[in-house]
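Okay, structure first, notes after.
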Amino acid sequence: LCDRRQRQMCIRDRLNHPVSEKIGEIMETKTILIVDDALTNRVLLKRYLEDDYNIIEAENGQRAIDIINEQQLNISLILLDLIMPEKSGFDVLEFMSDYGFIPEIPVIIVTVEANYENEMKAFEYGVSDFITKPFYPQIVQKRVKNVIDLYDTQKNLRRLLDEQTIDTMAVSYTHLR
């Protein structure tokens, strides 16, 4: 239990605790959903990321929506093309927004056309980043890792805040008795 003066130290200690580091090492490999109608792009992205991540592929927006519905808890990040048949990347973003997936599953847009309108529209949906084609392996790897790490840190901080709130409520309840 941490009092107000110790809060920052306590959070830092919990995040840097050796047990937390061990748990991180033991945790299963993260999964990335690559959504692009161009097989070449999917193959390249998979090649760049498959050493560090499990990869799931979708060739269009409708298939992506189906996979998100089936595996939402297993997906750590989505690499999403905007221009695709059946359903576009914007259709996928609208679905994710409507069902509250965007705060839980980060999205990086992969596109040839990085124009102002598309970027603004995508950012309004809550996407995390853009990667433009042609792809550079190290840039793709760093952006993916950075976004996943950022989301993991946010989730850990939310969890710690929830724990601290519960601790505070328990102490308050004890003092009321």
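All residue numbers refer to positions in the sequence shown, counting from 1.
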Using only heavy-atom distances, determine whether the side chains of N115 and E119 contain a donor-acceptor pair under 3.5 Å. no
Going by chain and number, the hydrophobic cluster around L150 (ILVMFWY, side chain to side chain under 4.5 Å) further includes none
Atom NZ of K142: over 12 foreign heavy atoms under 6.0 Å: no
Among residues at least two apart in sequence or on other chains, which ones pass side-chain contact (heavy atoms from CB on, under 4.5 Å) with I139? Y136, R143
Is V43 isolated, or which residues cluster with it under the ILVMFWY side-chain rule of less than 4.5 Å, directly or via members? L39
Find out whether R42 and E59 are in side-chain contact, i.e. whether some heavy atom of one side chain is under 4.5 Å from a heavy atom of the other. yes
Are L93 and L80 side-chain neighbours, meaning at least one heavy-atom pair lies under 4.5 Å? yes
Other hydrophobic cluster members with M120, side-chain heavy atoms of Ile/Leu/Val/Met/Phe/Trp/Tyr under 4.5 Å, chained? Y116
Members sharing L45's hydrophobic cluster, built from side-chain contacts under 4.5 Å between Ile, Leu, Val, Met, Phe, Trp and Tyr, are I32, I34, L44, Y48, L49, Y53, I55, L77, L79, I108, V110, I131, F135, V140, V144, V147, I148, Y151
Evaluate the side-chain proximity of I67 to V35: yes if any heavy-atom separation is below 4.5 Å, no if none is. no
So do D52 and T29 actually touch side chain to side chain, heavy atoms under 4.5 Å? no
For I105 and Q72 the tightest heavy-atom approach is CD1-O, 3.7 Å
I68-Y99 co-clustered via ILVMFWY side chain contacts under 4.5 Å: yes
ILVMFWY network linking F95 to F123, side-chain heavy atoms under 4.5 angstrom: yes
Looking at I83 and D81, what are the two nearest heavy atoms and their distance? O-OD2, 3.0 Å
From F130 atom CZ to T111 atom OG1, the distance as rounded to the nearest 0.5 Å: 7.0 Å
Specify the closest pair of heavy atoms between A64 and L33, including all atoms of both residues, with the distance to one decimal. O-CD2, 4.2 Å
With a cut-off of 6.0 Å (strictly less than), are more than 12 heavy atoms of other residues, nucleotides or ligands near NZ of K133? yes
Could you tell me whether K30 and D149 have a side-chain N and a carboxylate O separated by less than 4.0 Å? no
Nearest non-hydrogen partners of N118 and L82, listed with the distance: CB-CD1, 4.1 Å
What pairs with F90 under ring-ring contact (aromatic ring centres under 6.0 Å, His included), at least two apart in sequence or on another chain? none
Heavy-atom closest contact (P85 atom, D37 atom, distance): CD-CB, 3.5 Å
I'd like to know if the side chain of R63 reaches the main chain of A58, judged simply by a donor and an acceptor atom lying under 3.5 Å from each other, with no hydrogens or angles considered. no
So which heavy atom on G100 is nearest to which on E104, and how close? O-CG, 4.2 Å
Charged N-O contact under 4.0 Å between K87 and D66: no
